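Accompanying notes for the structure given below.
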Amino acid sequence: MTKLLFGFCTLVWGLNFIAVKIQGDPVPLELSLFFRLIITTLLFLLLLFVRKPFYTLKKKDYLTVILFGLCNFAWSYLFLYYGTIMSSASIVTMIFSLKVVLTPAALALVKKEPVNKRLGIGGALGIMAVFLLLFPTLMKDPETLSVKGILFALTGTIITSIGDVCSSINSDRGIDPVYSNAIGFTGASIFLGGVIVMQDTEMTFPAIPSYWMAVVYLSLFASFFAWLFYLKLVSEMGAGKSGYMVALFPAVGGAASVIIGETELNVFLVAGCLVSCLGAFIALRANKKQAVGRNNIGFYHNQTTGNR
């Protein structure tokens with residue numbers, strides 16, 4: 001059962017940006033994200049009602065809980081959505097895997113935690129992987145390369161790491177993860193709703209089956225069920241071993257990108273995926289050593305699910 005849950009989470013989260021690509025942009029991306037957030041918010045509020053965690057937020061908790069929701073579910077999602085549409089899902093998946101380096105770096109800066117040298121090696125390999133993937137395009141058709149899309153994806157990943165720091169603080173304070181996610185998704189939904197109103201975006205419901213299949217996939221499976229299964233994995237395998245699924249995301253995303261015809265299979269794609277996986281693996285080994293003796297579900301959860 002444990003292997004099945006591990007495989008489910010790896011596959012679902014590894015295909016996250018592929019689903020965004022399939023969803024496309026028949027409506028403004030802000031509206032697509034709003035649909036996803038509303039569905040996920042309702043699911044977490046229902047779960048919160050069933051579980052009834054005995055915790056009351058203190059005044060100091062609201063800032064980090066709400067900021068966690070805005071960073072991880074609103075701001076980062078928007079940048080990653082735009083980055084995926086402008087470039088390719090395989091590139092965005094590789095860039096997003098850099099969060100296993102960026103998050104510990106952000107934690108070291110904010111919480112004055114030591115940084116393992118392995119993080120630098122993992123980060124260098126991650127950057128190398130992105131260049132390997134982009135090399136054929138740079139050589140043949142550099143004008144088709146979306147620098148803006150890459151920058152959007154990188155910005156979204158950095159924002160996710162900031163949200164991870166907030167999640168780590170919430171976990172240190174003993175805030176129930178279901179509680180923080182329910183409030184976080186609610187805050188993100190309200191923010192996106194405000195953006196849609198300010199932009200005077202027309203509430204459109206595309207009559208495209210593939211679009212709604214992607215929305216349901218992203219909200220129900222990627223943002224809800226996979227997260228619950230991951231908490232189960234953490235309790236059975238430990239946060240360190242569970243977190244290794246991040247190292248497989250580039251391979252899953254790269255293979256799926258080839259299958260849907262978005263990316264051409266070549267030696268640079270294969271090499272990029274392998275190098276990216278290796279870099280994430282090395283960085284996660286460093287994170288595991290830093291977290292010895294720590295039971296911080298929030299930190300490890302967001303190491304893997306910042307793009308849910």
Side-chain angles (χ1 to χ4, degrees), residues 7-26 29 32-33 36 76-100 125-157 160 208-211 213-218 221-223 226 244-281 304-308:
F8 177 86
C9 292
T10 302
L11 187 63
V12 168
W13 283 331
L15 295 175
N16 202 39
F17 298 115
I18 295 294
V20 173
K21 197 72 174 184
I22 293 174
Q23 177 181 267
D25 55 351
L29 294 180
S32 293
L33 179 54
R36 174 183 179 179
S76 65
Y77 275 9
L78 271 179
F79 278 102
L80 290 167
Y81 268 46
Y82 273 103
T84 302
I85 297 300
M86 292 178 181
S87 56
S88 72
S90 56
I91 291 176
V92 175
T93 301
M94 285 191 184
I95 292 175
F96 188 75
S97 68
L98 291 174
K99 77 188 292 289
V100 299
L125 288 173
I127 295 172
M128 183 188 302
V130 174
F131 275 110
L132 281 171
L133 186 61
L134 297 178
F135 184 77
T137 304
L138 289 172
M139 292 296 98
K140 295 180 180 179
D141 302 299
E143 65 279 358
T144 63
L145 183 65
S146 176
V147 176
K148 188 175 181 180
I150 294 173
L151 292 176
F152 268 54
L154 181 59
T155 302
T157 304
T160 303
I208 307 174
S210 61
Y211 174 86
M213 288 175 64
V215 170
V216 171
Y217 174 89
L218 290 167
F221 293 98
S223 297
Y244 284 129
M245 67 179 68
V246 179
L248 300 174
F249 288 174
V252 174
S257 183
V258 172
I259 291 173
I260 67 173
E262 181 196 34
T263 305
E264 180 183 350
L265 179 61
N266 55 58
V267 66
F268 293 101
L269 174 64
V270 175
C273 288
L274 291 176
V275 171
S276 181
C277 290
L278 178 61
F281 178 81
T304 58
T305 63
N307 73 325
R308 302 176 264 339

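Bear in mind that the values here come from a model prediction, so they are computed numbers and not experimental data.
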Where do [X] and [Y] come nearest, in terms of heavy atoms and distance?
X      : Y      : answer
Ser87  : Val92  : OG-CG2, 3.7 Å
Met94  : Cys273 : CE-N, 3.2 Å
Tyr82  : Leu29  : CD2-CD1, 3.5 Å
Gly253 : Thr93  : CA-OG1, 4.3 Å
Ser88  : Lys21  : CA-NZ, 4.2 Å
Ile18  : Ala256 : CG1-CB, 3.6 Å

Find the distance between [atom1] ([X]) and [atom2] ([Y]) and round it off to the nearest 0.5 Å.
X      : Y      : atom1 : atom2 : answer
Ile95  : Thr84  : CD1   : OG1   : 9.0 Å
Trp13  : Phe221 : CH2   : CZ    : 14.0 Å
Tyr81  : Gln23  : OH    : CD    : 5.0 Å
Leu98  : Leu125 : CG    : CG    : 10.5 Å
Leu15  : Thr10  : CG    : OG1   : 10.5 Å
Ile127 : Leu132 : CD1   : CG    : 12.5 Å

Counting only N and O atoms by type, is there a donor-acceptor contact under 3.5 Å from the side chain of Thr155 to the main-chain atoms of Leu151?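 Pair found, side chain donor or acceptor close to backbone of Leu151.
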State whether the side chain of Ser223 and the backbone N or O of Leu218 hold a donor-acceptor pair below 3.5 Å, judged by distance alone. yes
For Phe131, all residues meeting ring-ring contact (aromatic ring centres under 6.0 Å, His included), sequence neighbours excluded: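 Listed in chain order: nothing, the list is empty.
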Residue that, paired with Phe96, satisfies ring pair (Phe, Tyr, Trp, His ring centres under 6.0 Å) out of Phe249, Phe17, Phe152: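 The option that passes is Phe17.
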Are Leu269 and Glu264 packed together at the side-chain level, in the sense that at least one heavy-atom pair is separated by less than 4.5 angstrom?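 In short, these two side chains do not touch, never coming nearer than 4.5 Å.
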Tell me, yes or no, whether the heavy-atom count around Tyr217 atom OH, taken from other residues, nucleotides or ligands under 6.0 Å, exceeds 12.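 Yes - once you tally the heavy atoms of other residues, nucleotides and ligands closer than 6.0 Å, there are more than 12.
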For Ser97, the side-chain hydrogen bond (donor to acceptor under 3.5 Å, both in side chains) test, sequence neighbours excluded, returns Ser276
